[in-house]
Amino acid sequence: MTAAALGFEAVFGRPAALVAEAPGRVNLIGEHTDYNGGYALPTAIPQKTRIEMAPRDDGLIRVATANVGGGAQLSYRAGEEARRGLWLDYVQGITAVLRDRGVAVPGFDARIASTVPLGSGLSSSASLLVALARGLRAMLALPIDDVEIARIAHAAEHDFVGAPVGRMDQMAASLADESTALFLDTRTLAFERVPLPAEVELLVVDSGVAHQHASGDYKTRRAECERAAEALGVPQLRDVDAAAEQRIASLPPPLDRRARHVVTENVRVLAAVAALRAGDLVRLGALFDASHRSMRDDFEVSVPAVDDLVESARAQPDVFGARLTGGGFGGAIVALVKRGSAAKVGRAVADAYARTPGRRATVLVGGAVS
Ligand code: ADP
Ligand code: MG
């Protein structure tokens, strides 16, 4: 066992002074809308990142993680953050952004342990960033609220780590809880917590497909959205009215399809919030299905394996709807399932998937028999 697989005291030889946590998230609907200034509807999942910390007085920052390479430990000096292309960049990003904002970040020891699977689209990165920002807020008694924590986490990931991410993940990690959906305006960061009806539970199943060029394709989609917005004469696709169907259709392909996805997806988020409030699960499920079709046909971010998972989930009894969740090019599906049935549906979907050689699905959320 490597040092970081042990607890804080075993690694650093003294007890932790504080513990901070933040959850992973799954997005219910509103995909590829966040970098277009649009709406999203994530919720927190049970898995979380936990950080134990204790301050140091010598400016050294030592960080151990239990989740990389069976346990890893790296260090740097406060104020000497430099991108290394490693997991430590997420930690350095937070301390660099805080310093940019005038916070005198001292040295500290930190031990990270996460139950959010890394790189599966459940936002382990944002949960790590937000947990650390919360830990430093507590350690230094910083007067910042949860939206500010999300802004700091976004700046760390976007500007320091260099990942071209929107604002949904950090807002979800900072503000979402498991019993509500976080209705989020990613332009203003205004948010509202909408209760999830007690009659449903969520099922998240990973396809095991990780697209090699996912980040390149993500950048391409972002660029296509920017070009579409420019051609339509608006700052962002958020500003396109759904009634502008004709104008969207007149864009050169594939910009017409890309714009149509974003514009209709924003409308679907608003409709999903209305359906949640009305307790209309059939309508909500239909919106999940429509969102999947739009991601598959217009935004072209699905893959056949994920389409099969979605179809197989939809064919199960007690499923209201299912869709690809997250950026796409592989990844996971989220299904809206009658409470009490998610574990059974998850098993059936995973079994059907495994009948194709080389395919193996993993139930990430909803697997426990309730
Ligand atoms: P996702 O956020 O969907 O899980 P990302 O690629 O955005 O996937 O973020 C995963 C990266 O975040 C990891 O490769 C690692 O660099 C960093 N990370 C996340 N959680 C941890 C952790 N517990 N310990 C160390 N690094 C982590
Ligand atoms: Mg991430």
Side-chain angles (χ1 to χ4, degrees), residues 2-5 7-8 11 19-27 31-32 34-35 40 42 44-45 47-53 61-76 83-95 110-135 150 153-174 176 204 206-219 301 324-334 362 364-365:
T2 52
F8 185 96
V11 179
V19 179
E21 294 182 337
R25 64 98 188 94
V26 62
N27 192 22
E31 219 72 71
H32 288 273
D34 66 348
Y35 54 82
I45 57 172
Q47 291 96 327
K48 31 174 88 75
T49 300
R50 186 168 188 269
I51 307 191
E52 300 164 276
M53 302 173 67
I61 297 175
R62 299 193 298 178
V63 193
T65 175
N67 307 106
V68 176
Q73 193 181 318
L74 292 169
S75 62
Y76 63 102
R83 199 197 299 181
R84 301 186 197 174
L86 292 172
W87 61 271
L88 188 70
D89 291 355
Y90 292 85
V91 177
Q92 295 191 91
I94 292 292
T95 59
R111 178 184 178 270
I112 305 164
S114 185
T115 53
V116 186
L118 273 60
S120 285
L122 297 182
S123 208
S124 68
S125 59
S127 76
L128 167 56
L129 293 158
V130 168
L132 179 63
R134 283 178 174 168
H154 180 262
E157 187 156 8
H158 190 272
D159 304 340
F160 188 91
V161 176
V165 290
R167 296 178 183 281
M168 169 177 62
D169 293 355
Q170 302 81 15
M171 281 295 285
S174 185
V204 180
D206 186 61
S207 68
V209 177
H211 191 294
Q212 265 191 320
H213 308 293
S215 65
D217 285 331
Y218 180 86
K219 281 183 195 152
V301 290
L324 164 62
T325 183
F329 309 109
I333 68 157
V334 59
T362 309
L364 298 175
V365 176

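Here the structure is a predicted model, which is why all the values come from computation and not from measurement. Remember, it's 1-based here, ligands and their atoms both numbered in the order they're listed.
- Using a 4.0 Å cut-off to heavy atoms of L122, the atoms of ligand 1 that qualify are 3 (O).
- Between the side chain of R83 and the main chain of F160, a donor-acceptor pair closer than 3.5 Å is present.
- The S123 neighbourhood of ligand 1 comprises atoms 1 (P), 2 (O), 3 (O), 4 (O), with distances under 4.0 Å to a heavy atom of that residue.
- No donor-acceptor pair closer than 3.5 Å links the side chain of S123 to the backbone N or O of G24.
- Between D169 and R25 there is a salt bridge, since a side-chain N of the basic residue sits under 4.0 Å from a carboxylate O of the acidic one.
- Between S114 and ligand 1, no pair of N/O atoms sits closer than 3.5 Å.
- Checked against a 3.5 angstrom limit, the closest N/O atoms of L118 and ligand 1 fall outside it.
- Close approach of ligand 1 to V68 (heavy-atom distance below 4.0 Å) involves ligand atoms 25 (C), 26 (N).
- Summary of contacts: the protein heavy atom closest to atom 3 (O) of ligand 1 is G121 N, 3.1 Å.
- From the protein, the heavy atom lying nearest to atom 10 (C) of ligand 1 is S124 OG, 3.5 Å.
- Within the listing of ligand 1, atoms 4 (O) sit less than 4.0 angstrom from a heavy atom of P117.
- By the 4.0 Å heavy-atom criterion, A126 is excluded from the residues contacting ligand 1.
- N67 places a side-chain N or O within 3.5 Å of a backbone atom of S114 that can act as its donor or acceptor partner.
- Between the CD1 atom of I61 and the CG atom of L74 there is a distance of 12.5 Å, given to the nearest 0.5 Å.
- Counting protein heavy atoms under 4.0 angstrom from atom 16 (O) of ligand 1 gives one or more.
- Numbered from 1 in the order shown, with element, the atoms of ligand 1 that lie under 4.0 Å from a heavy atom of G119 read 1 (P), 4 (O), 8 (O).
- For ligand 1, the polar-atom distance check against T49 finds no nitrogen or oxygen pair separated by under 3.5 Å.
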